[in-house]
2 protein chains.
Amino acid sequence: MIERDAQGKQWTAETAAVTGLHIRRLRTERGLSLSELARRAGIGKATLSGLETGSRNPTAETLYAIAGQLAVPLAALLSAPDAAPTVEGEAVSATLLEVFRDGAVSTELYRLTIRPGAVQVSPAHAPGVVEYLTVFSGTARVGPVAAPRLVAAGEHACWVSDGPHGYAAVGGVPVEASLLIRHPLTD
Amino acid sequence: MIERDAQGKQWTAETAAVTGLHIRRLRTERGLSLSELARRAGIGKATLSGLETGSRNPTAETLYAIAGQLAVPLAALLSAPDAAPTVEGEAVSATLLEVFRDGAVSTELYRLTIRPGAVQVSPAHAPGVVEYLTVFSGTARVGPVAAPRLVAAGEHACWVSDGPHGYAAVGGVPVEASLLIRHPLTD
DNA sequence: GGATATCGTTCCGTCTATGGAACGATGGGG
DNA sequence: CCCCATCGTTCCATAGACGGAACGATATCC
């Protein structure tokens with residue numbers, strides 16, 4: 001299946017600087033002064049200034065206050081858009097966008113790009129795991145290796161991934177798609 | 001109809017507790033002990049313990065280290081992604097998670113909750129707009145008002161939304177789902 | 001039983017993120 | 001010209017987040 005990046009992300013000087021730039025950009029886009037945003041968010045000017053210049057390691061409380069006033073999700077402040085864990089395979093690049101948890105089911109949402117010229121085969125998952133693929137552009141051949149399906153732009157497919165299954169782009173064009181993987185929580 | 005959360009989100013005792021539960025859940029799902037995760041993430045056991053029990057206000061550095069080791073986006077640790085723009089309807093709450101743009105198509109991804117006891121009907125969209133709904137939990141009756149479909153947990157449905165279409169929860173339980181809306185860009 | 005290991009929590013000294021105040025710079029208005 | 005408001009940065013005492021060590025609890029082996 002999709003192997004996860006076991007390498008941990010880290011908070012570095014660079015991360016801090018990028019985060020600061022994001023905040024400053026969002027603030028100026030809204031025509032807010034540093035003092036004004038600090039006042040509205042209920043934080044000190046010193047804190048916000050230090051944050052924007054990348055010389056601080058903010059707490060969750062501070063980040064929440066700022067994101068709330070800027071009316072953006074926290075993720076918009078923190079990471080570069082693609083700092084999420086990315087999985088690279090022979091033919092597939094996947095970015096984990098969200099993890100939903102509802103009752104006894106965990107659902108992971110990936111942004112998927114399938115490169116042409118190769119086929120990626122993933123081994124079986126745990127029983128009960130289902131995958132849903134929606135193609136934005138290009139044409140993909142996906143599903144169980146025993147019974148693959150052609151999915152064109154705007155179409156979608158789903159399959160039970162309790163056996164080996166593959167991903168391939170058809171026609172020499174990369175495929176852009178979203179992939180939902182639904183895991184029953186077997187605890 | 002479109003309400004935006006202009007009120008700032010705040011870091012409260014409850015936020016901290018929910019965040020802690022998310023972390024603990026992700027950790028135990030992976031079969032990791034608290035000590036082991038702390039060691040791998042390079043943080044103190046005291047820090048992780050306090051975080052999971054909701055008695056701390058972690059720094060970005062700590063959150064990054066944990067999210068990295070759990071291989072999830074930071075948003076999966078922090079409480080529900082409801083700091084994002086949210087659309088509230090009579091029966092439906094939708095959160096815009098992502099917008100993809102690929103060639104001549106724009107695709108919006110929503111996180112959807114349908115409350116029981118009401119039916120929400122949306123007017124026709126532009127021609128060529130298609131919606132894809134994947135249900136995580138509960139059972140939904142969705143699709144064109146002329147031909148609605150029943151979708152149970154783990155199933156999905158798609159329909160062309162060039163006519164009025166509705167969303168309803170069946171069986172008195174809220175429905176949790178993801179919704180992809182695919183717009184051809186006709187400009 | 002005793003010895004050992006690891007679990008998650010609590011204690012505590014250190015370090016640092018915090019907000020208020022003071023700072024120099026800038027820009028109108030009278 | 002002076003006066004005053006507001007800009008973003010820097011200084012600083014304090015609150016609190018940090019990791020190491022010690023803790024009691026539980027399991028496993030001899």
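Side-chain atoms are counted along with the backbone in the values below, which use heavy atoms only and exclude waters and symmetry mates. Each chain gets a letter, A, B and so on, in the order its sequence line appears, and its residues count up from 1.
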Subject >> C:dA17 phosphate, OP1 or OP2, under 4.0 Å from A:Thr47 side-chain N/O >> reply: no

Original post:
When you check the phosphate oxygens OP1 and OP2 of C:dC7, does a side-chain N or O of B:Ser35 lie under 4.0 Å from one of them?
Top reply: yes

**OP:** Whole angstrom is fine here: how far is it from CG in A:Leu34 over to C1' in D:dG8?
**Re:** 6 Å

Subject >> Length of the NZ-P vector between A:Lys45 and C:dG20, whole Å >> reply: 11 Å

**OP:** Compare side-chain N and O positions of A:Thr59 against OP1 and OP2 of D:dG16 and report whether any pair is under 4.0 Å apart.
**Re:** no

Original post:
What is the distance, rounded to the nearest whole Å, between atom CG of A:Leu48 and atom C1' of C:dA17?
Top reply: 14 Å

Subject >> Modelled atom types, side-chain donor and acceptor of B:Arg115 and B:Ser93, under 3.5 Å >> reply: yes

Subject >> Whole angstrom value for the distance that separates P of C:dC15 from CG of A:Asn57 >> reply: 16 Å

Subject >> Phosphate-side-chain proximity, B:Ser33 and C:dT6, N/O vs OP1/OP2 below 4.0 Å >> reply: no

Original post:
Which part of the nucleic acid, if any, lies within contact of A:Arg24, taking any heavy atom under 4.0 Å across all strands shown: a base, the sugar-phosphate backbone alone, or nothing?
Top reply: sugar-phosphate

Original post:
Do B:Leu112 and B:Val119 belong to the same hydrophobic cluster, where Ile, Leu, Val, Met, Phe, Trp and Tyr are linked whenever their side-chain heavy atoms lie under 4.5 Å apart, directly or via other members?
Top reply: no

**OP:** Could you check whether B:Ile43 gets within reach of a base, just the sugar-phosphate, or nothing at all, counting any heavy atom under 4.0 Å?
**Re:** sugar-phosphate

**OP:** Determine the interplanar angle of the B:His165 and B:Trp159 rings, folded into 0 to 90°, and report it as parallel if under 30°, tilted if 30 to 60°, perpendicular if over 60°.
**Re:** tilted

Original post:
Whole Å only: how far is the CG atom of B:Leu51 from the P atom of D:dG16?
Top reply: 16 Å

Original post:
Among the clusters formed by ILVMFWY side chains lying less than 4.5 Å apart, do B:Val173 and B:Val92 turn up in the same one?
Top reply: no

Original post:
More 5' along DNA chain C: B:Leu32 or A:Gly42, using each one's nearest nucleotide?
Top reply: B:Leu32

**OP:** Please report, rounded to the nearest Å, how far the P atom of C:dA17 is from the CH2 atom of B:Trp11.
**Re:** 17 Å

Original post:
Do B:Thr53 side-chain atoms and B:Ser49 backbone N/O form a donor-acceptor pair below 3.5 Å?
Top reply: yes

**OP:** Identify whether any heavy atom of A:Arg27 sits under 4.0 Å from a base atom; if not, whether one sits that close to sugar-phosphate; answer base, sugar-phosphate or nothing.
**Re:** sugar-phosphate

**OP:** Could you check how far CG of A:Leu37 sits from P of D:dT6, rounded to whole Å?
**Re:** 17 Å

Subject >> Per A:Thr53 side chain, nearest of listed nucleotides D:dG20, D:dT9, D:dA17 >> reply: D:dT9

Original post:
Considering only D:dT10, C:dT18, D:dA17, which nucleotide approaches the side chain of A:Thr62 most closely?
Top reply: C:dT18

Original post:
If only side-chain N and O atoms of A:Arg56 are considered, is one of them under 4.0 Å from the OP1 or OP2 phosphate oxygen of C:dT16?
Top reply: no

Subject >> Residue A:Ala46, side-chain atoms from C-beta onward, closest of D:dG19, C:dT18, D:dC11 >> reply: D:dC11

Subject >> Separation of atom CD in B:Glu61 from atom C1' in C:dC15, rounded to whole Å >> reply: 12 Å

